[in-house]
Number of protein chains: 2
Amino acid sequence: MIAIGQAAKVSDLPVKTVRYYDEIELVKPSGRAANGYRLYDETDIRKLVFVRHARVFGFSLATCRELLDLYENPSRTSKEVKEITSQRLEEIRQKMNELRHLYNELSHLKNNCHGDARPNCPIIDFLAETKECIAP
Amino acid sequence: MIAIGQAAKVSDLPVKTVRYYDEIELVKPSGRAANGYRLYDETDIRKLVFVRHARVFGFSLATCRELLDLYENPSRTSKEVKEITSQRLEEIRQKMNELRHLYNELSHLKNNCHGDARPNCPIIDFLAETKECIAP
DNA sequence: GTTAAAGTCTCCTGTTGCTGGAAGGTCAAC
DNA sequence: GTTGACCTTCCAGCAACAGGAGACTTTAAC
């Protein structure tokens, strides 16, 4: 049983984050010392690391909770896990498409901008465009 | 001079957002009616639309403020605008790379997962991996 | 034995960009 | 005169923490 500082170091998370995960009841320490210090055992550490890994993939804390439940549930099915993973992959794909779109449009604007000392700028012009809503 | 509801409709922003932009002094209404109602003129509307467009590209409100300053500044240089745009493009590129990376790793895990009724799951195994920090 | 540093605790605030709701004032139509 | 659509302010909350205050304990050095 180790205190929060060590737990944070071993699981490679900030102390603040570990405390936060306790607060929201995502990963609670197995016990408390007589002085009130949180005490983490190896199982707790495994959960912290598990959550850290899941967070890297961008899973929300809500989804991390689900995954953690599955992790701990010996009668889970890999189907459930795969389902959650598919959803995340779909999110990532959508986000990537969005960004690609923005990137193309914005770099197009950039390429048309002289980038010199004059005020004339197609980027500003585009952002200021009001054809859609205000009559000129 | 129109009230906030019309201003919101014309600029295609939620009323709440327009009010918020006033509060943070990003786009303030030109005046107030005797009854306290916010009053927006055409210039205000143009600014609201400008911000909406910039937001679509993912510019933060802080950056929108800069862009709005440049928009209003007749002695701006297109160089400044292009610079800000380049930064945003770089951000987008980084984000895209990140996502591509995550996507590849995660879809690799997914492909190795049977997705059946058994509990065995390489995705869970990967997330639970503690080689880095805990001795087995 | 004392003291200084490091670790821990709880509680509160701030971040970004809004959104929703409560309680109340105002205005036009019927 | 009253309904309904506006408008006002203020307060709470979302995600996922980070920073800091103020108070305690523990550990290490001298």
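Numbers restart at 1 for each chain; the letters A, B, ... are given by sequence-line order, proteins then strands.
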*If every non-hydrogen atom of A:Leu67 is compared with every non-hydrogen atom of A:Ala54, which pair is closest and at what distance?*
CD1-CB, 4.3 Å
*Which atoms form the tightest heavy-atom contact between B:Pro119 and A:Pro74, and what is the distance?*
CB-O, 3.5 Å
*With sequence neighbours excluded, tell me which residues meet side chain to side chain donor-acceptor pair (under 3.5 Å) with A:Arg19.*
none
_Lys/Arg-Asp/Glu bridge criterion (N-O < 4.0 Å) met for A:Asp44, A:Arg38_ = no
_Letter per nucleotide, 5' to 3', of nucleotides 13-24 of chain D [B base touched, S only sugar-phosphate touched, - untouched; heavy atoms, 4.0 Å]_ = ---BBSBB----
*Is there a side-chain contact between B:Pro29 and B:Asp22 (heavy atoms, below 4.5 Å)?*
yes
*Is there a side-chain contact between B:Tyr40 and B:Gln6, using heavy atoms and a 4.5 Å cut-off?*
no
_Leading and trailing nucleotides of DNA chain C with any atom under 4.0 Å from heavy atoms of chain B_ = C:dG17 to C:dC27
*Pairwise salt bridge (charged side-chain N to carboxylate O under 4.0 Å, His left out) hits with a residue in residues 59-78 of chain A, at least two apart*: A:Lys47-A:Glu72
*Output every pair passing salt bridge (charged side-chain N to carboxylate O under 4.0 Å, His left out) with a member in residues 108-127 of chain A, not counting sequence neighbours, ordered by first then second residue.*
A:Asp116-A:Arg118
*asked:* Going by side-chain contact (heavy atoms from CB on, under 4.5 Å), A:Val81 matches just one of B:Leu127, B:Ile123, B:Leu109. Which one?
replied: B:Ile123
_Nearest-angstrom distance from the residue atom CZ of B:Arg38 to P of D:dC6_ = 17 Å
*Going by distance alone, is a donor N or O of one side chain under 3.5 Å from an acceptor N or O of the other, for A:Ser86 and A:Glu83?*
no
*Kindly state which residues belonging to residues 23-35 of chain A come within less than 4.0 angstrom of DNA chain D, counting heavy atoms of the residue only, listed by number.*
A:Asn35
